[in-house]
Undergrad: 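Handing you this structure, nothing more for now.
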Amino acid sequence: MNFSNKIMNWYSKNKRNLPWRKTINPFHILISELMLQQTRVSHVVKYYSNFIQKFPTIEKVAESSEKNILKEWKGLGYYFRAKNLYNFAKLIYKKKFFPDRYHKLIKFKGIGPYTAAAVSSICFSEIVPAIDCNVVRVFSRYFGIHYDISKSLDRTNLSIMIKKIMDVKYPGLFNQAIMDLGATLCTFKKYQCFSCPINDFCFSKNNNVVDQFPKKNKKK
DNA sequence: AAAGCGGGGAG
DNA sequence: CTCCCAGCTTT
């Protein structure tokens, strides 16, 4: 089995049961990804279902007020995300066409490289890696990348590497599989290499240096 | 390249 | 207490 087969096989058996995984409605997926920016999954779960129940469609959001959107966001933090979501809904409501490619999505305020890749791969099967801190951690350990790849330029290089090994038929599932691996087994601390599906060719596991990755530049 | 933006959880 | 988490925008 190649890298992708191992990941996809593991994911099909071990994926977490999360509410936004029951749909490929692009607006719902976008809401989940906006909520998940720098926010833990367990925290988002409480808000996501509540939000889409109150605002199930783009129309409902667009016809609401910013104040009411913010009310649903209360406690989640990073409140500009809610404002960006509201502005996005109003724009799309007028255009009546949901942006279905990475290069279209990333033009909207609040949608960066990660979120554009997540939505376009999950909802529209675009072959583009979604790189969040889980993905950075997994691949910096797997490849043994000896420098800080959290910066934008280096993420472009990482993206090219991932594109070569990702599942081309189910890029959205592949992206989520890597993130799940980073969230459940390849965690920051207390990682569980013994049950990892890709531990055979993992650089840091084979060299016993998992705790040294990912590399971080010292700040301040 | 670095600050600012939130709140919560783990150690 | 510090660091981190399904990041992005602005300076």
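The sequence lines fix the lettering, A, B, ..., with proteins before strands; numbering per chain opens at 1.
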Undergrad: Please report, to 0.1 Å, the donor-acceptor pairs under 3.5 Å made by any side chain of residues 48-55 of chain A, with sequence neighbours excluded.
TA:
residue: A:Lys54; atom: NZ; partner: A:Glu72; partner atom: OE2; Å: 3.0

Undergrad: With rounding to whole Å, what would you report as the distance between C:dT9 and B:dG8 at their C1' atoms?
TA: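 Between the two C1' atoms, the distance is 23 Å.
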
Undergrad: At a heavy-atom distance below 4.0 Å, what parts of residues 98-135 of chain A sit against DNA chain C?
TA: A:Phe108, A:Lys109, A:Gly110, A:Ile111, A:Gly112, A:Pro113, A:Tyr114, A:Thr115, A:Asp132, A:Cys133, A:Asn134

Undergrad: Would you say the side-chain atoms of A:Arg137 and A:Asn134 include a donor-acceptor pair closer than 3.5 Å?
TA: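 The answer is yes; a qualifying pair exists.
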
Undergrad: If the condition is side chain to side chain donor-acceptor pair (under 3.5 Å), which residues does A:Ser65 pass it with, not counting sequence neighbours?
TA: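 With sequence neighbours excluded, A:Ser65 shows a side chain to side chain donor-acceptor pair (under 3.5 Å) to A:Asn68, given in chain and number order.
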
Undergrad: What's the gap between B:dA1 and C:dC5 when it is taken at their C1' atoms, as a whole Å value?
TA: 22 Å

Undergrad: Considering every strand and a 4.0 Å limit on heavy-atom distances, what is the contact class for A:Arg137: base, sugar-phosphate, or nothing?
TA: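 A:Arg137: backbone/sugar contact only, no base atoms under 4.0 Å.
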
Undergrad: Quantified in whole Å, what is the P atom distance between nucleotide C:dT11 and nucleotide B:dG6?
TA: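 The answer is 16 Å between these two P atoms.
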
Undergrad: With sugar-phosphate meaning primed atoms plus P, OP1 and OP2, does A:Trp20 contact a base, only sugar-phosphate, or nothing at under 4.0 Å between heavy atoms?
TA: base

Undergrad: Measure CG/A:Asn87 against P/C:dC8 and give the value in whole Å, please.
TA: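 So the CG-P distance, A:Asn87 to C:dC8, works out to 17 Å.
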
Undergrad: Return yes if a side-chain donor-acceptor contact under 3.5 Å exists between A:Gln37 and A:Tyr114, otherwise no.
TA: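 No.
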
Undergrad: Output the residues of residues 161-193 of chain A in contact with DNA chain C, where contact means a heavy atom of the residue under 4.0 Å from an atom of the strand; sort by number or write none.
TA: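 DNA chain C contact set from residues 161-193 of chain A: A:Met179, A:Asp180, A:Phe188.
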
Undergrad: Throw together a table of side-chain donor-acceptor distances under 3.5 angstrom for residues 90-100 of chain A, partners on residues two or more places apart or in other chains.
TA:
residue: A:Tyr93; atom: OH; partner: A:Glu63; partner atom: OE2; Å: 2.7
residue: A:Asp100; atom: OD1; partner: A:Lys104; partner atom: NZ; Å: 2.9

Undergrad: Please report the C-alpha distance between A:Ser4 and A:Ile165 in whole Å, then the side-chain angles of each, then the deciding distance to 0.1 Å, and finally whether the side-chain contact (heavy atoms from CB on, under 4.5 Å) criterion is met.
TA: CA-CA 6 Å; A:Ser4 177; A:Ile165 59 175; 6.0 Å; no

Undergrad: Output the rounded distance in Å from CG (A:Leu85) to P (C:dT9).
TA: 14 Å

Undergrad: Extract from the structure each pairing of a protein N or O with an N or O of nucleotides 5-9 of chain B at less than 3.5 Å, listing the distance.
TA:
residue: B:dC5; atom: N3; partner: A:Tyr78; partner atom: OH; Å: 3.2
residue: B:dG6; atom: OP1; partner: A:Tyr78; partner atom: N; Å: 3.4
residue: B:dG6; atom: OP1; partner: A:Tyr79; partner atom: N; Å: 2.9
residue: B:dG6; atom: O4'; partner: A:Tyr78; partner atom: N; Å: 3.3
residue: B:dG6; atom: N7; partner: A:Tyr78; partner atom: OH; Å: 3.3
residue: B:dG6; atom: O6; partner: A:Tyr78; partner atom: OH; Å: 2.6
residue: B:dG6; atom: N1; partner: A:Gln38; partner atom: O; Å: 2.9
residue: B:dG6; atom: N2; partner: A:Thr39; partner atom: OG1; Å: 3.0
residue: B:dG6; atom: N2; partner: A:Leu76; partner atom: O; Å: 3.2
residue: B:dG8; atom: N2; partner: A:Arg40; partner atom: NE; Å: 3.2
residue: B:dG8; atom: N2; partner: A:Arg40; partner atom: NH2; Å: 2.9

Undergrad: Is A:Asp180 paired with A:Arg16 through a side-chain N to carboxylate O contact shorter than 4.0 Å?
TA: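 Judged by the 4.0 Å cut-off on N to carboxylate O distance, A:Arg16 and A:Asp180 do form a salt bridge.
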
Undergrad: For C:dA6 and B:dG4, measure between their P atoms and round to the nearest Å.
TA: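 Those two atoms are separated by 24 Å.
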
Undergrad: Between A:Ser32 and A:Arg21, is there a side-chain donor-acceptor contact under 3.5 Å, judged purely by atom types and distance?
TA: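 A:Arg21 vs A:Ser32: no donor-acceptor pair found between side chains.
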
Undergrad: When the ring planes of A:Phe80 and A:Tyr78 are compared, do they come out parallel, tilted or perpendicular, using 30° and 60° as the limits?
TA: tilted

Undergrad: What integer number of Å spans the P atoms of C:dC4 and B:dA2?
TA: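 Result for the P pair: 16 Å, nearest Å.
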
Undergrad: Hey, mind stepping through A:Tyr142 and A:Phe3 against ring pair (Phe, Tyr, Trp, His ring centres under 6.0 Å) and telling me if it holds?
TA: CA-CA 11 Å; A:Tyr142 186 79; A:Phe3 182 92; 5.1 Å; yes

Undergrad: What's the OH-P distance between A:Tyr47 and C:dC5, to the nearest Å?
TA: 20 Å

Undergrad: Is A:Ile29 touching bases, backbone alone, or none of the nucleic acid, heavy atoms closer than 4.0 Å?
TA: nothing

Undergrad: Under a 4.0 Å N-O cut-off, is there an ion pair linking A:Lys6 with A:Asp200?
TA: yes

